[in-house]
Amino acid sequence: MRVLGIETSCDETGVALYDSDRGLIGQAVYSQIELHAAYGGVVPELASRDHVRKLLPLLQEVLEQAGVRPREIDGVAYTAGPGLVGALLVGAGVGRSLAWVWQKPAVGVHHMEGHLLAPLLEEPAPSFPFVALLVSGGHTQLVEVEAVGRYRLLGESVDDAAGEAFDKTAKILDLPYPGGPELARLAERGDPGRYRFPRPMTDRPGLDFSFSGLKTYTLNALREELAARDDREQTRADVARAFEEAVVDTLVIKCRRAVREMRVGTLVLAGGVSANRRLRERMERMMRDEGGRAYYPRPALCTDNGAMIAFAGYQRLAAGQHEPLAFSARPRWPM
Ligand code: KG4
Ligand code: ZN
């Protein structure tokens, strides 16, 4: 079975083809970073228009890459939410229209389920059951995964998502959009021993997170330190490092707690923040110490992409799930 996946929930246009025998046979992602950089963040209306502009050329590119003709596609999957409503409607509209023209089934996919299943596209793939840490710009969740479609929420952020905290703290540090990867780069030059920031909500039981206080803590620490010292550049790097350490350490503490409580030996990382090098290293070490293993996809499958939507869509279509021709987008959608 071959499934076309379309992702347009935010500022990346992603298209991919998943073949159930051969795996990923074509994929392309176009990032709108340059378009939004001047505004310091994603401008929803510009995002929608740019998806319109790029979606069909990307589709063409992926079909050529895979050497597949439209009639050889068995179904279409698109991100139906959560995300920016205008951006979602572009992908949903195009996905549904193609399915109608091709007379093939179509299915709307939950963006976070896409992220959650992306690690299964890699070799070796993690086996069920596992605990998944979903860390993106909009979500921070710990999920117990028994099988495709069988998810139980163990904990989540009560305020900012981890990626959102990275992005907001990056702004405080005067770093350009998109902040998360820029902050991680600055932190590489930072001294891990100079500052120690708090690990929110780790001193009490439970698997929820809170990252908004850490951002405020960073703002205050930076102001005080910059006022007191003249090594500005090193101080910024040291503060970035302390922030990253605090977020990563907090995530590690909660993941360790979750795999122990669930008695599973497999931890899966997914979502944009799981591209973070420190996070991957620390989780790998923690799981080794626990006698288990951590899995995470290559960076291009951590951040938004069409491949994860094609794969999640394949799982749904193969299980006989698809939808009538009407479509909707859900800017908010609990999984
Ligand atoms: O999954 P994603 O591409 O989009 C959403 O579904 O939100 O995640 C984007 C988030 C952004 O907040 C971005 O700053 C963060 O992932 N991110 C990172 C890194 N790469 C992306 N955060 C920290 N370190 C990174 N290397
Ligand atoms: Zn995402």
Side-chain angles (χ1 to χ4, degrees), residues 5-14 16 29-33 36-37 40-42 44 47 78-84 87-88 91 109-119 132-141 156-157 160-173 175-188 190 209 211-212 214-215 218 240-241 243-252 268-283 296-309 311-312 330-333 335:
I6 296 174
E7 155 63 33
T8 62
S9 69
C10 190
D11 57 347
E12 255 105 33
T13 318
V29 175
Y30 175 79
S31 169
Q32 303 177 352
I33 284 178
H36 302 293
V42 180
Y78 57 87
T79 305
L84 302 170
L88 289 166
V109 167
H110 194 293
H111 181 78
M112 294 313 291
E113 185 179 26
H115 276 303
L116 177 68
L117 299 178
L133 174 70
L134 294 177
V135 267
S136 71
H139 295 78
T140 299
Q141 297 182 325
E156 64 185 333
S157 179
D160 291 356
E164 188 180 358
F166 263 95
D167 295 339
K168 288 179 176 170
T169 305
K171 271 199 177 164
I172 292 171
L173 287 161
L175 293 167
Y177 156 87
E182 290 285 337
L183 193 154
R185 206 166 302 134
L186 179 62
E188 298 272 347
F209 305 90
F211 289 112
S212 73
L214 199 51
K215 167 193 69 195
T218 308
R241 182 65 190 258
F243 169 83
E244 187 184 51
E245 284 294 325
V247 173
V248 168
D249 206 36
T250 302
L251 294 171
V252 168
V268 167
L269 311 179
V273 182
S274 64
N276 183 278
R277 202 174 59 81
R278 291 285 303 155
L279 181 70
R280 294 155 88 101
E281 283 172 7
R282 289 282 316 278
M283 289 292 187
Y296 44 78
R298 73 196 91 153
L301 293 183
C302 290
T303 47
D304 291 348
N305 64 84
M308 66 186 198
I309 302 304
F311 183 65
R330 304 177 183 188
R332 292 174 186 278
W333 187 11
M335 189 163 80

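Just so you know, ligand 1 is whichever comes first in the structure, and atom 1 is the first atom listed for that ligand.
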Report the part of Thr303 (side chain from C-beta onward, or backbone N, CA, C, O) that has a heavy atom under 4.0 Å from ligand 1; answer both or neither where that applies. both
Under 4.0 Å between heavy atoms, the region of His111 that gets near ligand 1 turns out to be side chain
Proximal atoms of ligand 1 relative to Gly163 (non-hydrogen, under 4.0 Å): 12 (O)
Less than 4.5 Å apart, any side-chain heavy atom of Pro82 and any of Arg332? no
Mark up the atoms of ligand 1 that fall under 4.0 Å of a heavy atom belonging to Asp167, in ascending order. 11 (C), 12 (O), 13 (C), 14 (O)
Measuring from the Zn ion (ligand 2), name the closest N, O or S atom belonging to Asp304. OD1
Would you call the rings of His115 and His111 parallel, tilted or perpendicular if under 30° counts as parallel and over 60° as perpendicular? perpendicular
Note: His139, heavy atoms under 4.0 Å from ligand 1, region reported as neither
Closest approach of Ala162 to Val273 (non-hydrogen atoms, all atoms of both residues): C-CG2, 4.2 Å
Identify, by atom number and element, the atoms of ligand 1 in contact range of Gly137, meaning under 4.0 Å from any of its heavy atoms. 5 (C), 7 (O), 8 (O), 9 (C), 10 (C), 12 (O)
What protein heavy atom is closest to atom 17 (N) of ligand 1, reported as residue, atom name and distance in Å? Gly272 O, 3.6 Å
Got the closest protein heavy atom to atom 15 (C) of ligand 1, with its distance? Val273 CG2, 3.9 Å
Regarding ligand 1, does Ala184 bring an N or O atom to under 3.5 Å of one of the ligand's N or O atoms? no
So Glu245 and Arg282, do their side chains get closer than 4.5 Å, heavy atoms only? yes
Between Phe243 and Phe166, ring centroids under 6.0 Å: yes
Side-chain touch Asp11/Tyr177, heavy atoms, less than 4.5 angstrom: yes
Electrostatic pair Arg185:Glu188 at N-O distance under 4.0 angstrom: no
Does a side-chain heavy-atom distance below 4.5 Å link Leu133 with Ser274? no
Under 4.0 Å from any heavy atom of Gly138, which atoms of ligand 1 are there? 7 (O)
Can you tell me which N/O/S atom of His111 has the shortest distance to the Zn ion (ligand 2)? NE2
for atom 22 (N) of ligand 1, nearest protein heavy atom and its distance come out as Gly180 CA, 3.7 Å
Do any heavy atoms of Pro181 fall under 4.0 Å from ligand 1? yes
Has ligand 1 got any nitrogen or oxygen that is less than 3.5 angstrom from a nitrogen or oxygen of Gly271? no
Would you mind finding which of Asn276, Asp11, Asp304 brings a heavy atom closest to atom 4 (O) of ligand 1? Asp304
Does Leu251 form a side-chain contact (heavy atoms from CB on, under 4.5 Å) with Phe211? I'd like the steps, not just the answer. CA-CA 11 Å; Leu251 294 171; Phe211 289 112; 3.9 Å; yes
With a 4.5 Å cut-off on side-chain heavy atoms, are Val252 and Met283 touching? yes
